[in-house]
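Below you'll find the structure, written out as structure tokens, and then a few comments.
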Amino acid sequence: MKICLVEDDLLLGRALSTSLEDVGHKVLWLRMSADARPWLRDESLDAAILDLGLPDGEGITLLREMRRSGNQLPVLIVTARDTLDERLDGLDAGADDYLIKPFDNAELLARLRAVLRRGGNWSEDEALLSVGTLTLDEQGMTVRNDGETLSLLPTEFALLRELMRYKNRVRTRRQLESEAMPDSDSQSLDVHISNLRRKVGSTVIRTVRGVGYVIDDQKVTQE
Ligand code: CA
């Protein structure tokens with residue numbers, strides 16, 4: 001895979017490049033926003049790893065520009081900024097995941113694999129999302145609970161898909177609304193979630209008060 005690494009720290013950049021190359025990735029390492037901006041539009045890229053504090057600007061500005069122009073390249077943010085607000089800002093700006101420095105190399109590689117899987121290049125098996133007894137077929141647009149097909153409305157399906165893609169990680173209200181309810185809708189997110197809960201089981205989707213919702217892998221039990 002071809003990975004664009006945007007990181008101004010020499011030591012970290014060098015270490016990351018080496019470890020990514022060691023597992024077979026091609027790495028394009030850039031240290032300034034201005035240098036990274038044109039490369040991030042390169043269609044041969046498979047993912048980007050983005051530092052937030054860059055000498056000539058904020059990584060998050062790059063990310064917002066990408067998403068505004070419709071660039072869906074998978075992006076993993078790596079940063080020392082670890083407040084909840086900063087993490088939510090990063091995710092709301094369109095990051096696929098967020099890793100706090102210092103991090104373990106193995107964790108970076110695992111998160112990157114997950115981000116790459118979501119970014120396309122899905123194998124047949126990976127188009128099937130599963131959490132507990134629930135399976136969601138992204139291509140067939142069907143959801144089964146313990147083998148039984150559920151009948152979901154399009155918005156419910158999109159919400160469930162978004163939550164299952166990011167299982168064990170909180171999706172903010174804004175993320176869910178922009179992913180699953182792009183058209184203005186007379187019903188609120190909470191109404192759709194409550195309808196969805198009636199269909200998939202009331203304990204599957206957990207509310208994170210003031211933030212959003214999450215599906216936890218281990219909590220799904222058969223109703
Ligand atoms: Ca930096």
Side-chain angles (χ1 to χ4, degrees), residues 1-121 162 165-175 178-179 208 210-212 214:
M1 297 281 181
K2 189 169 168 190
I3 313 293
C4 182
L5 170 64
V6 187
E7 169 61 70
D8 61 301
D9 185 283
L10 270 178
L11 282 178
L12 183 60
R14 219 172 270 148
L16 283 177
S17 297
T18 305
S19 71
L20 291 167
E21 282 163 2
D22 282 349
V23 295
H25 296 302
K26 271 176 72 176
V27 181
L28 175 68
W29 175 22
L30 303 155
R31 300 180 56 212
M32 307 284 275
S33 309
D35 297 334
R37 188 170 284 115
W39 280 107
L40 288 168
R41 295 186 209 119
D42 184 337
E43 288 183 358
S44 69
L45 287 177
D46 293 295
I49 297 174
L50 188 60
D51 177 29
L52 291 187
L54 297 168
D56 62 337
E58 291 290 316
I60 203 144
T61 309
L62 283 177
L63 178 58
R64 289 207 175 100
E65 285 170 11
M66 289 168 66
R67 296 309 188 228
R68 257 203 305 272
S69 68
N71 182 337
Q72 290 303 312
L73 182 71
V75 171
L76 172 61
I77 289 180
V78 291
T79 179
R81 301 175 188 176
D82 63 352
T83 69
L84 176 64
D85 278 350
E86 283 162 335
R87 265 179 293 156
L88 293 178
D89 276 353
L91 294 171
D92 277 337
D96 295 86
D97 204 355
Y98 197 104
L99 193 55
I100 306 293
K101 297 174 184 174
F103 47 78
D104 192 84
N105 198 37
E107 183 172 14
L108 174 90
L109 294 174
R111 300 272 190 123
L112 181 64
R113 280 196 300 275
V115 161
L116 285 166
R117 270 201 303 275
R118 286 198 299 271
N121 303 332
E162 181 72 4
R165 276 181 180 164
Y166 292 86
K167 65 182 174 188
N168 301 318
R169 277 170 296 162
V170 179
R171 301 304 282 160
T172 66
R173 301 179 61 87
R174 239 190 296 169
Q175 284 170 332
S178 74
E179 285 298 322
V208 182
V211 181
V214 62

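Note that ligands are numbered from 1 as they come in the structure, with each ligand's atoms numbered from 1 the same way.
Lys26 NZ: 12 or fewer foreign heavy atoms inside a 6.0 Å radius.
Between Arg165 and Asp97, none of the side-chain N atoms (NZ, or NE/NH1/NH2) sits under 4.0 Å from a carboxylate O, so this pair counts as no salt bridge.
When you scan the N, O or S atoms of Asp51 for the one nearest the Ca ion (ligand 1), you land on OD2. Summary: OD1 is the N/O/S atom of Asp8 found nearest to the Ca ion (ligand 1).
Inspection of the Ser44 and Asp42 side chains reveals an N or O donor paired with an N or O acceptor under 3.5 Å. Side chains of Glu86 and Thr83: a donor on one and an acceptor on the other come within 3.5 Å.
Among the atoms of Gly53, an N, O or S atom falls under 3.0 Å of the Ca ion (ligand 1).
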